[in-house]
Q: 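My structure is below; once you've seen it, I'll send some questions.
Atoms within a ligand are numbered from 1 in the order they appear, just like the ligands themselves.
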Amino acid sequence: MFRHFDRKKFFVIPLAFLLLSLSLSAVVLHSASAASSLAQAGAASGRTIGAAIAANLLGNNPYTTIVQTQFDGVTPGNEMKWQTTEPSQGSFNFGPADQIVSFAQSHNMKIRGHTLVWYNQLAGWVNNVPASQILSVMNNHITAEMTHFKGNIWYWDVVNEAFNEDGTRRSDIFQNDIGNAYIADAFTTARAADPNAKLCYNDYNIEDMNSAKSQAVYSMVQSFKASGVPIDCVGFQSHFIVGQVPADFQATLQKFANLGIDVQITELDDRMPTPASSANLNQQATDYANVAKACLGVSRCNDITTWGVGEPDSWVPGTFSGQGQALLYDSNYQPKPAYTSFLNALGGSAVIPTPTPTTGGGSTPTPTPTPITGGSGSCSVHYVVSNQWNSGFGASISITNTSSTAINGWSLKFNFPNGQTITQLWNGTVTQSGSSVTITNTSYNGSIPAGGTLNSSPGFNGSWSGTNSSPTAFTLNGATCTVA
Ligand code: G3I
């Protein structure tokens, strides 16, 4: 009897553990499939996640590495504006924008064209054109620019910021010389110039449907749809102040989408007084998550673009004195709490869910993940030099946990073969002694699920001379990794 009981126990208890570990693996596998970049997370639900970028910053790191690894859309921040593209009448300069287009294409990113008709950053000569010629000057500009970029632009901001806060039309050269019809004229010309590009009206302070401006833009789009003026989209710039994302943002997006157009979040940022308090950084994390949720809640919302990458390239500090930290990355291009919450809200959670028992009665113990401690093949490292110049270079390191145990806290070691030195590292903490490098996790990227690849993987800028070969051996928590 006792022998029989003991034997049963001998099998039943391990079986229970086996079932538990199978259910844990299912959870972990689910987590392992979570996206590790904003672009991957957005793509899972068909959204493009973009950033406004500047041609003269391409090549800078970590800026460029972040753009390439986190985003799958770009908007030129200034390079496609009239001031740059037609600085004198009939003389076109597409060089800076071409740089962005070729960068985007070589990284498989979508391009939003910004912007064809706008009162600001307009070439000075336009203001001296006789009123009777402004319509043809506007149409010529649209046609020339769209023809140059034909086939390469996903959505164009055809007309930008044409309304005042009270819903009246902004007084500018186009409104004053052509009249109310200029916006419809611009869209009609744009459709003819590149029939395959989607055409947007783009503005700020239209995210709350109760505002007079939002209602005026809505009425215009409604009338365009009724009369056959070609419009495909409204861009909601979304230059927010921390804690003030309108509660009805999703409802506003849906209201516009119901007109039969796409809606896009085109210039997202969320500013606060600087230096930033942790309360505001946390509120900002909530704000970014709410924006992601608003877009995900509207099937025709297919793009979220942030207006820049990090604090150094943001327009905010230069425009609003004492304000800043409006983007996902901080002054050192480190991801902020907003990055993590935005990624999570997009569905790219790096958090391992706590497993719940599938049957009632009693609680399931939550396992404490233990670091892997030895043995070859329990980790895999992919080291990539993404950029190299004069004496500097940028690199990223992707770490995969190929073991069947979750990692909670990691330390990666390797040796540089040619005396390279890390000068700046993100998504980790580095110590370097001679050629020997140790990188450890930060507070937000310590976990690597079994079978999963680290979210927010470390990257760095370094210096080199002579030769810049990649390290050939890595250990993770003492275990030798395969080099992918
Ligand atoms: O290129 C010159 C440089 O030669 C000069 O030394 C420097 C000194 O002022 O200015 C540089 O030009 C600046 C330009 O950005 C490029 O950096 C202009 O001063 C500056 O006014 C301009 O600001 C741009 C702003 O539009 C103009 O309104 C921002 O970069 C750009 O991000 C911003 O973008 C707009 C969107 O197009 C429309 N929605 C609002 C958004 C934010 O203002």
Q: So is Lys255 actually on top of Tyr218's ring, under 6.0 Å and inside 45° of the axis?
A: yes
Q: Consider only side-chain N and O atoms of Gln325 and Asp330, and report whether a donor and an acceptor are under 3.5 Å apart.
A: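 No - no donor-acceptor pair under 3.5 Å links their side chains.
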Q: Verify the ring-centre separation between Phe240 and Tyr204: is it less than 6.0 angstrom?
A: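 Not close enough - the centres of the two rings lie 6.0 Å or further apart.
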Q: Can you list every protein residue that has a heavy atom under 4.0 Å from any atom of ligand 1, sorted by chain and residue number?
A: Asn78, Lys81, His114, Trp118, Asn120, Gln121, Asn160, Glu161, Gln237, His239, Glu267, Trp307, Trp315
Q: Do the charged groups of Lys213 and Asp203 touch, with an N to O distance under 4.0 Å?
A: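 Yes.
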Q: Using the ring pair (Phe, Tyr, Trp, His ring centres under 6.0 Å) criterion, which residues pair with His107? Sequence neighbours excluded.
A: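 With neighbours one apart ignored, the set is Phe103.
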Q: Check the side chains of Asp262 and Tyr155 for a donor-acceptor pair under 3.5 angstrom, ignoring hydrogens and angles.
A: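 Yes, a side-chain donor-acceptor pair sits under 3.5 Å.
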